[in-house]
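Here's the structure, in structure tokens; my notes come after.
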Amino acid sequence: MKSLKNTLIKNKNIIFRADLNVPVIEGKISDYSRINAIIPSINQLTNNKNKVFIVAHFGRPKGKVDKKYSLQFLCKELAIIFRQKKIHFIETFESEIISNKISEMQNGEICLFENIRFNPEEESNDINFSKQITKHFDYFINDAFSASHRSHASIVGFSNFIPAVSGLSFINEINNLEKFLNKVKKPNLAIIGGSKISTKIKVIYNLLDLFDTIVIGGAMANTFLLSNNFKVGKSLVEHDYVYVAKDILKKAKNTNCEILLPVDFVCAASINDQKNTKTCDVNNIEDNDMILDVGIETTNLISKKIAESQSVLWNGPLGAFEYKPFDKSSIKIANVIEKYSNQFNIETIAGGGDTISVINLAGASSGFNYLSNAGGAFLEWLEGNKSPGVIALQKKDK
Ligand code: 3PG
């Protein structure tokens, strides 16, 4: 796969796919990892006097303009980060507007496109849409590994029409994920959290063969508890997936994989009731309780497992970490991984925007061999699938 590492591009017009789907809490970016990831590629391109047009998505506006998902707020931030007087911004992908902007811009300047998912053609991977956009550019650079599991126009479509090259962060992600998976030392542990079992089923099935122990945390654990006939009160559950949880537990027995489910929780009447929390044992969750984090006993069990492991993989927070104090267990686990990985030389990898946010909040990043910005793409990689974005770039080599 061609990469910016070994491709010199100068004085050209570049269309650059970034993943700027950054976490925002109360109007502020809470974690800059995805922006930081594109700095090396963007700097290389602007230093070489290219005009760089960044394409990205933000949220899931479903093909409609919805200002709530506008990317315009990033212009100021990007101008500071990339030391530009300003970041140009264009709201549509209309040909005339793109060519006018190219004429207006100086070499080495950057333009940000409005959220590409405002256009239905992005998700349907409309070939004409890709053709019309790319005709203005000399190169397509994909530096959004974390979005490369989507078969969208800006991930797979653009590369049909112009030379396509992977960005520095893209190639770094692939190399590090492969390195970890190729030498998963045993005994090993996977910690899988987050809210939905439906988005992680395939990966959990795949991990059953690879890992000795899998911790299930986050709201996803509630569905597993329900499948074991525990009460979960008002907690988030996916009723349609109870049978899947049952099946995973059964398969785990066959593959000798231990599934560690939470045994105690921090509950409240609602996610906004952050002041009136209580600790509940798995046997005494009441009808009015909402599970919002795992409790101390569970955190201790997970910590013990980490200490006994040779490699640890983490994807998905254990509680509703955006709402204090429901971030406690995730922060504790980040710190425990940091401490033990250094002490016992454990191989560690974590992936997903929320997981990286938690690790950064805990100041624990030095405890990880690699932090991947990818969430869904990270999981699909673990499932053994090559991302469509990776395949599209590899095709160009043939
Ligand atoms: C992510 O946040 O994992 C990527 O930006 C992809 O976003 P999506 O799941 O909305 O496609």
Side-chain angles (χ1 to χ4, degrees), residues 16-25 29-38 41 54-66 68-71 73-74 77-78 112-126 141-158 166-167 169-170 172-174 176-177 192-203 218-220 313-317 321-322 349-360 370-383 385-392:
F16 184 99
R17 183 54 159 100
D19 188 354
L20 299 179
N21 198 20
V22 291
V24 175
I25 301 179
I29 299 174
S30 59
D31 189 87
Y32 281 79
S33 306
R34 283 183 171 172
I35 299 181
N36 292 338
I38 59 168
S41 293
I54 301 178
V55 173
H57 72 277
F58 184 55
R60 294 175 179 166
K62 300 199 166 85
K64 290 202 184 92
V65 177
D66 181 344
K68 179 163 94 210
Y69 296 112
S70 173
L71 276 171
F73 77 104
L74 281 179
E77 307 261 2
L78 296 182
L112 175 65
F113 277 108
E114 179 57 288
N115 192 343
I116 192 164
R117 286 193 185 168
F118 286 176
N119 307 274
E121 297 90 343
E122 160 69 350
E123 292 191 41
S124 65
N125 187 16
D126 185 297
I141 313 283
N142 186 353
D143 212 14
F145 175 76
S146 45
S148 69
H149 56 311
R150 305 292 182 212
S151 289
H152 295 173
S154 66
I155 301 292
V156 297
F158 290 1
S166 60
S169 141
F170 191 103
N172 194 32
E173 288 269 17
I174 296 180
N176 278 289
L177 296 190
I192 307 293
S195 55
K196 287 186 178 166
I197 184 175
S198 48
T199 58
K200 301 200 176 174
I201 308 170
K202 266 185 38 221
V203 76
M220 204 169 53
L313 174 148
W314 185 13
N315 172 270
F321 83 100
E322 304 94 324
I349 190 167
D354 290 344
T355 318
I356 305 304
S357 292
V358 164
I359 292 166
N360 287 337
Y370 188 64
L371 293 176
S372 170
N373 280 313
F378 177 81
L379 294 180
E380 293 211 6
W381 198 266
L382 294 175
E383 280 164 25
N385 298 334
K386 263 206 177 143
S387 305
V390 174
I391 296 170

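Indexing begins at 1, ligand by ligand and atom by atom, following the structure's order. Small disclaimer: the values here were computed from a predicted structure and weren't measured.
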Below 3.5 Å, can you tabulate the donor-acceptor pairs from side chains in residues 144-154 to any protein atom, sequence neighbours excluded?
{"residue": "S146", "atom": "OG", "partner": "D19", "partner atom": "OD2", "Å": "2.6"}
{"residue": "S148", "atom": "OG", "partner": "F145", "partner atom": "O", "Å": "2.7"}
{"residue": "S148", "atom": "OG", "partner": "S387", "partner atom": "OG", "Å": "3.3"}
{"residue": "S154", "atom": "OG", "partner": "R17", "partner atom": "NE", "Å": "2.7"}
{"residue": "S154", "atom": "OG", "partner": "E122", "partner atom": "OE1", "Å": "3.3"}
{"residue": "S154", "atom": "OG", "partner": "E122", "partner atom": "OE2", "Å": "2.7"}

Distance filter under 4.0 Å, heavy atoms only, around ligand 1 gives D19, N21, R34, H57, R60, R117, S146, H149, R150, G376

Residue set satisfying ring pair (Phe, Tyr, Trp, His ring centres under 6.0 Å) with F378, at least two apart, ordered chain then number -> none

Residue set satisfying ring pair (Phe, Tyr, Trp, His ring centres under 6.0 Å) with Y32, at least two apart, ordered chain then number -> none

Whether R117 side chain and G59 backbone form a donor-acceptor pair below 3.5 Å | yes

Original post:
With a 4.5 Å limit on heavy-atom distance, are the side chains of L74 and I29 in contact?
Top reply: yes

- Non-hydrogen side-chain atoms of N115 and P61 separated by less than 4.5 Å: yes

